[in-house]
Amino acid sequence: MNKECMVTAFSERVYELCSRVPRGKVTTYKAIAMALGSRGYQAVGQALRCNPYAPSVPCHRVVASDGGIGGFMGCQRGDEIGKKVRLLCSEGVEVVEGRVDLEKYFVGV
DNA sequence: GAGTCATTCGTTG
DNA sequence: CAACGAATGACTC
């Protein structure tokens, strides 16, 4: 079930919001979904799942509502996710136990 | 119309 | 406090 990237109006909006997040900060799927005026939390993740704007759109800057690393480039649980943590750490975000301090790094849209 | 998905919330143990 | 299931919105076939 590996399809090409689905770039639609909704996903475009998600990519734009992701790009809006300043470096060293992170946003949540919920925040993006709310920014779009929808509750499709999964729809947001789905768009990031195959983000055609890859490094341009830092999908790793998007985390779960509790600061947990949702997934990264199709990898939900695995060492590949470590790369996402590595990126966040490189950006200045402190990732602890695969979680981020939303109180400090969460930025609204 | 049915199934899928990187989520979230609410209830129950 | 932890875990499970149900709900939600969007995209593809």
Side-chain angles (χ1 to χ4, degrees):
Chain A
M1 288 202 188
N2 209 341
K3 295 278 153 230
E4 303 284 318
C5 312
M6 37 181 166
V7 204
T8 51
F10 190 81
S11 49
E12 274 187 61
R13 208 96 339 153
V14 177
Y15 302 138
E16 191 171 295
L17 286 167
C18 282
S19 187
R20 255 181 163 188
V21 179
R23 177 175 147 305
K25 298 252 158 162
V26 295
T27 192
T28 62
Y29 300 102
K30 195 178 156 207
I32 295 174
M34 286 220 239
L36 297 178
S38 300
R39 270 166 277 176
Y41 315 112
Q42 290 197 321
V44 178
Q46 235 185 51
L48 292 169
R49 181 195 176 209
C50 212
N51 82 346
Y53 293 71
S56 301
V57 178
C59 44
H60 62 262
R61 257 183 227 160
V62 188
V63 295
S65 64
D66 64 311
I69 306 292
F72 185 54
M73 288 196 144
C75 300
Q76 310 177 321
R77 263 120 131 246
D79 300 306
E80 301 294 310
I81 291 291
K83 203 157 187 120
K84 181 164 176 173
V85 179
R86 201 49 155 46
L87 277 160
L88 288 168
C89 200
S90 198
E91 301 226 322
V93 181
E94 193 166 23
V95 184
V96 183
E97 297 284 308
R99 257 160 246 189
V100 192
D101 282 77
L102 293 178
E103 300 278 301
K104 293 172 168 236
Y105 302 108
F106 169 67
V107 60
V109 281

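Labels below follow one simple rule: chain letters A, B, ... track the order of the sequence lines, proteins then strands, and each chain is numbered from 1.
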Whole Å only: how far is the [atom1] atom of [X] from the [atom2] atom of [N]?
X     : N      : atom1 : atom2 : result
A/R49 : B/dT4  : CZ    : P     : 12 Å
A/Q46 : C/dC13 : CD    : P     : 12 Å
A/Y41 : C/dG9  : OH    : P     : 9 Å
A/F72 : B/dT7  : CZ    : P     : 15 Å
A/Q42 : B/dT8  : CD    : P     : 9 Å

Just by distance, do the side chain of A/S11 and the backbone of A/T8 share a donor-acceptor pair under 3.5 Å?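 Present.
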Does any N or O in the side chain of A/T27 come within less than 3.5 Å of the main-chain N or O of A/I32, such that one atom is a donor and the other an acceptor? no
Would you say A/E94 has more than 12 foreign heavy atoms packed within less than 6.0 Å of its CD?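 No, because the 6.0 Å sphere around CD of A/E94 holds 12 heavy atoms or fewer from other groups.
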Do A/R86 and A/H60 come close enough that some side-chain heavy atom pair is under 4.5 Å? no
Between A/L102 and A/V26, is any pair of side-chain heavy atoms under 4.5 Å apart?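 Heavy-atom side-chain distance check passes, below 4.5 Å.
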Heavy-atom closest pair, residues A/P52 and A/Y15: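 For A/P52 versus A/Y15, the nearest heavy atoms are CD-OH, 3.2 Å.
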Please give me the minimum heavy-atom distance between A/L48 and A/C18, naming the atom from each residue. CD2-SG, 3.6 Å
Just to be sure I understand the geometry, which residues of residues 7-39 of chain A put a non-hydrogen atom under 4.0 Å away from DNA chain B? A/Y29, A/K30
Which of residues 59-71 of chain A sit near DNA chain B, with a heavy atom under 4.0 Å from it? A/C59, A/A64, A/S65, A/G71
Do the side chains of A/E91 and A/R61 get close enough for a salt bridge, i.e. N-O under 4.0 angstrom?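 A/R61 and A/E91: salt-bridged.
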Applying the Watson-Crick and G-U wobble criteria at under 3.5 Å, what pairs with B/dG3? Answer none if nothing qualifies.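 Partner of B/dG3: C/dC11.
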